[in-house]
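Just so we're clear, the structure is a prediction, and the values are computed from it rather than from any experiment.
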There are 2 protein chains.
Amino acid sequence: MLTISQLASYAGVTVRAVRHYHAKGLLPEPERDHSGYRRYDAHAVVELVRIRTLAEAGVPLARVRELLAAGEQEFSAAVADIDRRLRAEIRQLQRHRERIAQLAAGDSLALPPEVVAYLDRMRALGLPDRMVEGERDAWILVAAQLPEHMPFYMRAKQQQLDDPATLQFYRDLVHAPDWEPDDPRVAALSDQLVALIEADAEGSEGYQDAMPDELAQLLDAVFLTSMRIAPRLLELLEERGWRGWTKLERIPTPQRAAAVGRA
Amino acid sequence: MLTISQLASYAGVTVRAVRHYHAKGLLPEPERDHSGYRRYDAHAVVELVRIRTLAEAGVPLARVRELLAAGEQEFSAAVADIDRRLRAEIRQLQRHRERIAQLAAGDSLALPPEVVAYLDRMRALGLPDRMVEGERDAWILVAAQLPEHMPFYMRAKQQQLDDPATLQFYRDLVHAPDWEPDDPRVAALSDQLVALIEADAEGSEGYQDAMPDELAQLLDAVFLTSMRIAPRLLELLEERGWRGWTKLERIPTPQRAAAVGRA
DNA sequence: CTGGAACCCTGACCCAGGGTCAAGGTCAAG
DNA sequence: CTTGACCTTGACCCTGGGTCAGGGTTCCAG
């Protein structure tokens, strides 16, 4: 006759676990001796080892209880199911590993590699950290919603950096966060931007159409709070016939006067 | 400005999870509006996505909090550590899968394959299920304690089945569970067994020596409760100069008379 | 025979990572 | 004004046990 700790050590589990299995109905409560101690026979060791085998394979205890009572084919069906689950879990962990592996650099947290490449290029071109971080945060948002579009977006962004005029615009934007909203340089900036947009009207439209309005609004909100001149800049753009930021659209000509009137 | 459910849906988590992260200090509590609702800016989405990225990789939330505040190299050290953990977890799951794969048949629950082969052979030889199950339970106990010895034990058991006299003994044992302890056939059985033991005294000793006394006692207990004639059979064996069951040992000759006297 | 160590018992609280319910306040549309 | 969809906090639930508290038991040594 075995005590609970002997039973536990034969099966390689803790005493606490044995009592837990009793409580869960996996292992029947044995007879008690005169002082109330549980007394086990050797068969309990066998049962306990079987419970452990299933539990260690990741089978939830509630399921273990069913399986121990199940018939042959029910059991092997369940085993096949457990195996499927384990395979899925392994695949999941492998994906996590890949993601974690890209995490070594701070940027890549929550970002696919093509975005990291784009941000690295911005830095290499001498654009300041403040600006790179703004871009990073914006693309984290997009990547969370539209991970499958990221390579596409990043190709478009890389093409922007290939264009000397666009690059110059970014460089001029560097100091903008420090300006007051009524600084005359804001107007100059908006002129520069309109020139860029109109030079490359078809180029960027493709990717803007693929972005849901909701997301564009979120990104606009990020922009609007990122620097004090942002609201004024959008106002000036409206005066020049363009509305929005993330998803710029030309204000149809008949209404343009009204828009200017509002501004 | 976002409500909590908008924030949650942008980041792909539940509202409850967001509040949980607030409670754990992972995500700072935002401003409340006049009615007490939390109001988030877009930056919170970024933070939340980063938290998710780490948490999904299996990083405990307490650790996530530290990591978000950590510096570059501290962070990448932690990432390396997480990757190690993920690798270990994957390996663990793969081992579980192998074990589960052997579980398709009922026997193999908690048993290495060589034991399954042995049990299958018993069945193929026409030995009844009751006996096979008794053997199975006994070997589950041994395998739990001495997994590395199992191939060795099973080679010995297979050799027993190769021997026609031993096989015949097993066949004769089939009906023994139904006998009364004072059945005269029990004595015949003990004679048969002694003849077997003495014919093959060296053959089985090797594996018996490798088994701890404690385990042998446990197995004896299983045997003693498995059929009503078992205690009587052991008594008869002692009269014939052999003590025990799992680990049979010859009673030294001077003491033999005393042993018989006790019986 | 008496200590003390090592067991045993039950009941309770604790962890992550939330799910779910309850009871009430708020908001926008019809 | 009502309805339904939100929001709030608080509290309890789950798994698979770990750990503690407070008490009883057994066993071995002196």
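Between the side chain of Tyr21(B) and the base of dG17(C), no donor-acceptor pair under 3.5 Å is found. Side-chain N/O atoms of Arg16(A) and base N/O atoms of dT19(D) include a donor-acceptor pair closer than 3.5 Å.
Put simply, Arg19(B) has a side-chain N or O that comes within less than 4.0 Å of OP1 or OP2 on dT8(D). A sub-4.0 Å separation between OP1 or OP2 of dC7(C) and a side-chain N or O of Thr3(A) is absent. Note on Arg52(B): a side-chain N or O is less than 4.0 Å away from OP1 or OP2 of dG18(C). For dG19(C), the OP1/OP2 oxygens have a side-chain nitrogen or oxygen of Thr14(B) closer than 4.0 Å. Within the structure, a side-chain polar atom (N or O) of Arg38(A) is placed less than 4.0 Å from OP1 or OP2 of dC9(C). The side chain of His34(B) contributes an N or O atom lying less than 4.0 Å from OP1 or OP2 of dC27(C). For dT25(D), the OP1/OP2 oxygens have no side-chain nitrogen or oxygen of Arg32(A) closer than 4.0 Å. Between dC27(C) and Ser35(B), a contact under 4.0 Å exists linking OP1 or OP2 to a side-chain N or O. Distances shorter than 4.0 Å separate some side-chain N or O of Lys24(A) from OP1 or OP2 on dT15(D).
If you look at Tyr10(A) and His43(A), their ring centroids are not closer than 6.0 Å.
Taking atom NE2 of His22(B) as the reference point, atom P of dG10(D) lies 14 Å away to the nearest angstrom. Rounded to whole angstrom, the span from the CG atom of Leu26(B) across to the P atom of dA16(C) amounts to 11 Å. Going from atom CD1 of Ile51(A) over to atom C1' of dT15(D) covers 16 Å, rounded to whole Å. With rounding to whole Å, Leu7(A) atom CG is found 15 Å from dC7(C) atom P. Rounded to a whole Å, the NE2 atom of His20(A) is 15 Å from the P atom of dT10(C). Rounding to whole angstrom units, CG of residue Leu2(A) and C1' of dC7(C) are separated by 15 Å. Rounded to an integer number of Å, the gap from Glu31(B) CD to dT8(D) P is 14 Å. Following rounding to the nearest Å, Arg39(A) (CZ) and dC8(C) (P) show an atom-to-atom distance of 8 Å.
Remark: the Arg136(A) side chain and the Tyr118(A) side chain contain no N/O donor-acceptor pair separated by less than 3.5 Å. Residues Trp242(A) and Glu238(A) bring no donor and acceptor atom of their side chains to less than 3.5 Å of each other. Between the side chains of Gln94(B) and Arg91(B), no donor-acceptor pair of N or O atoms lies under 3.5 Å.
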Worked verdict on Val142(A) versus Met150(A) for side-chain contact (heavy atoms from CB on, under 4.5 Å): CA-CA 8 Å; Val142(A) 180; Met150(A) 295 313 291; 3.8 Å; yes
Evaluate side-chain contact (heavy atoms from CB on, under 4.5 Å) for Tyr40(B) paired with Val18(B), printing each intermediate quantity in order. CA-CA 11 Å; Tyr40(B) 297 89; Val18(B) 175; 3.7 Å; yes
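In this entry dT20(C) has dA11(D) as its Watson-Crick or G-U wobble partner, both defining distances falling under 3.5 Å.
Closest-nucleotide positions on DNA chain D for Leu61(A) and Tyr40(B) were compared, and the one nearer the 5' end corresponds to Tyr40(B). When each of Val59(B) and Tyr37(B) is assigned the nucleotide of DNA chain C with its nearest heavy atom, Val59(B) is the one assigned upstream, toward the 5' end.
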